[in-house]
Amino acid sequence: MIKTLLSFRTSILLKKYENLLKPFTPQIKYYTKDCSEDDTPGRHQYHKDVEEAINQQICAEFNAAYAYLSMACYFGRTELALPGCQGFFMDMWEEELEHATVFINFQLMRGAHVRLAPINVPESQDWKSIVNGFGVAVDMEKLIKEKLCGVFQVAEKHKDLQVMDLVSTQFMEEQNRSICELSRLLTMAKMADNPTGEYLFDKLLYNNFVEKSKDNAMYKTKLDLKEDKVYK
C-alpha cells in the first residue's frame, strides 16, 4: 500500500516538473555542411542586425584600404617621386586591412557568417596633389568613424556588450587619433604650395613615418620564400 502511494506521488511530481525539465533537455545536432545561420554551432546571443553591421564595417575597411593603396601607387609614380607620401599611404593601406581582419576574426569567433561585398574602385585614381590626397583621407577616416558609431548603436540596441567594448576600446580612440593626425598633416600640406614646399613636406613624412619602418610594403620587391615543411 505504501509503495503504491509513493509511486503515485512520484508520478504526480514528475508531471508537475515535466515542463520545467523540457527546456533544459539538450537538443544536439551535428552539421557537415550548409548549416543555417540559426543553427550554427557556437552562435549564441548574436543578433543578425549586429552581424550585418559588422559585415558592412568589414566592407568599409576594405574600401578604405583600396583607396589608400591607390594613393600610394599614385604618389610612387616616377614622374611624382614622393616616397614619403607613398610609404605613408602604404602604411594606411596595411592598417585598414588589419582592421578588416580583426572584424572578420571576431565575426567568425561569434559563430556568424562573413559576407564579403564588392570593393569600390576610386572614381579617379589621379589624386592631383598632396593636399587633395590628404583631404580625401581625412574625410574617409571620418566616414569610417561614423560607421563604427553605427555598429555601436546597433550593438547597444541588442545589448551586445562585447561588440560595444570592441568598438569603444579598440577602435574609437585609434580612429580619433587618425583623424587628428591626418588633419594636422593636411594643414601642413596646404602650407607647402610650391615644389620646394612639397619636397620638404614629403621628406618630413619619409623621415617620421616611413624610414623607421623597414618592413613598409613600399620596400617589398621579392617574395618571402619559406622553407618547405613536412606535416607529420
Side-chain angles (χ1 to χ4, degrees), residues 37 40 42-73 85-122 127 133-189 205 208-210 212-213 215-218:
E37 293 181 5
T40 301
R43 182 174 187 136
H44 182 240
Q45 295 181 342
Y46 195 51
H47 199 278
K48 288 185 177 182
D49 290 348
V50 180
E51 178 185 25
E52 176 60 24
I54 293 289
N55 278 330
Q56 290 180 10
Q57 189 65 38
I58 292 170
C59 181
E61 301 288 351
F62 277 132
N63 279 321
Y66 210 44
Y68 284 132
L69 179 60
S70 175
M71 292 180 190
C73 293
C85 293
Q86 178 189 0
F88 180 85
F89 286 120
M90 276 288 188
D91 275 341
M92 295 297 292
W93 166 63
E94 291 185 316
E95 182 179 298
E96 298 303 327
L97 288 181
E98 182 184 10
H99 291 177
T101 303
V102 169
F103 280 115
I104 287 172
N105 290 333
F106 178 85
Q107 194 86 302
L108 295 174
M109 184 268 292
R110 292 295 298 270
H113 291 180
V114 175
R115 302 196 183 280
L116 300 178
I119 300 175
N120 297 323
V121 178
W127 296 99
F134 276 90
V136 173
V138 171
D139 291 340
M140 200 154 47
E141 291 300 317
K142 289 179 179 179
L143 178 62
I144 293 292
K145 178 186 174 181
E146 291 171 6
K147 288 187 174 294
L148 284 169
C149 290
V151 173
F152 185 91
Q153 290 170 359
V154 174
E156 186 177 32
K157 176 183 176 182
H158 297 291
K159 298 180 175 58
D160 196 314
L161 301 181
Q162 190 180 16
V163 174
M164 293 163 63
D165 179 70
L166 175 70
V167 172
S168 60
T169 62
Q170 294 194 38
F171 282 93
M172 197 54 67
E173 181 179 355
E174 182 180 354
Q175 204 63 34
N176 285 325
R177 288 183 181 276
S178 292
I179 292 171
C180 178
E181 181 179 71
L182 286 167
S183 297
R184 289 176 180 271
L185 291 172
L186 174 60
T187 300
M188 296 171 67
L205 283 180
N208 289 278
F209 296 96
V210 182
K212 298 176 182 178
S213 177
D215 58 347
N216 189 290
M218 69 177 289

Taking all heavy atoms of [X] and all of [Y], pick out the closest pair and write down the distance.
X: N63; Y: P118; answer: OD1-O, 4.3 Å
X: A60; Y: K147; answer: CB-CD, 3.5 Å
X: M218; Y: V210; answer: SD-CG1, 3.6 Å
X: L182; Y: A137; answer: CD1-O, 3.9 Å
X: M140; Y: A64; answer: SD-CA, 3.9 Å
X: W93; Y: A65; answer: CD1-O, 3.0 Å

Look only at the side chain of [X] and the backbone of [Y], and say whether a donor-acceptor pair between them is shorter than 3.5 Å.
X: N120; Y: A67; answer: no
X: Q175; Y: E141; answer: yes
X: R115; Y: Q56; answer: no
X: H47; Y: D49; answer: yes
X: S70; Y: Y66; answer: no

Practice item. Carefully, step by step, assess V151 and M164 under the rule side chain to side chain contact (heavy atoms under 4.5 Å, CB included). Key: CA-CA 8 Å; V151 173; M164 293 163 63; over 6 Å; no
If I take atom [atom1] from residue [X] and atom [atom2] from residue [Y], how far apart are they, to the nearest 0.5 angstrom?
X: I144; Y: D139; atom1: CD1; atom2: CG; value: 12.0 Å
X: C149; Y: Q153; atom1: SG; atom2: CD; value: 6.5 Å
X: M90; Y: C85; atom1: CE; atom2: SG; value: 13.0 Å
X: S183; Y: K142; atom1: OG; atom2: NZ; value: 5.5 Å
X: M92; Y: E96; atom1: CE; atom2: CD; value: 5.5 Å
X: E181; Y: L186; atom1: CD; atom2: CG; value: 12.5 Å

Side-chain contact test, heavy atoms from C-beta onward, threshold under 4.5 Å: evaluate it for [X] versus [Y] and give yes or no.
X: L97; Y: E61; value: no
X: H99; Y: E174; value: yes
X: N216; Y: F209; value: no
X: Q57; Y: Q107; value: no
X: L166; Y: Q162; value: no
X: T40; Y: H113; value: yes
X: M71; Y: V136; value: yes
X: Q45; Y: D160; value: no

Practice item. Would you check, one step at a time, whether the test side chain to side chain contact (heavy atoms under 4.5 Å, CB included) holds for E95 with D91? Key: CA-CA 6 Å; E95 182 179 298; D91 275 341; over 6 Å; no
Check your understanding: Among V114, L108, I58, which one satisfies side-chain contact (heavy atoms from CB on, under 4.5 Å) with F103?
Key ->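 It is I58, the one option of V114, L108, I58 that forms the side-chain contact (heavy atoms from CB on, under 4.5 Å) with F103.
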Check your understanding: Under 6.0 Å between the ring centres of F88 and Y68?
Key ->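 No.
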Practice item. Decide if atom CZ of F106 counts as having more than 12 heavy atoms of other residues, nucleotides or ligands within a radius under 6.0 Å. Key: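 Counting neighbours around CZ of F106, more than 12 heavy atoms of other residues, nucleotides or ligands fall under 6.0 Å, so yes.
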Review point. For V163 and V154, what are the C-alpha separation, side-chain angles and deciding distance, and is it a side chain to side chain contact (heavy atoms under 4.5 Å, CB included)?
Key: CA-CA 9 Å; V163 174; V154 174; over 6 Å; no
Check your understanding: Would you call E173 and R177 a salt bridge, taking side-chain N to carboxylate O under 4.0 Å as the test?
Key ->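 A salt bridge links E173 with R177.
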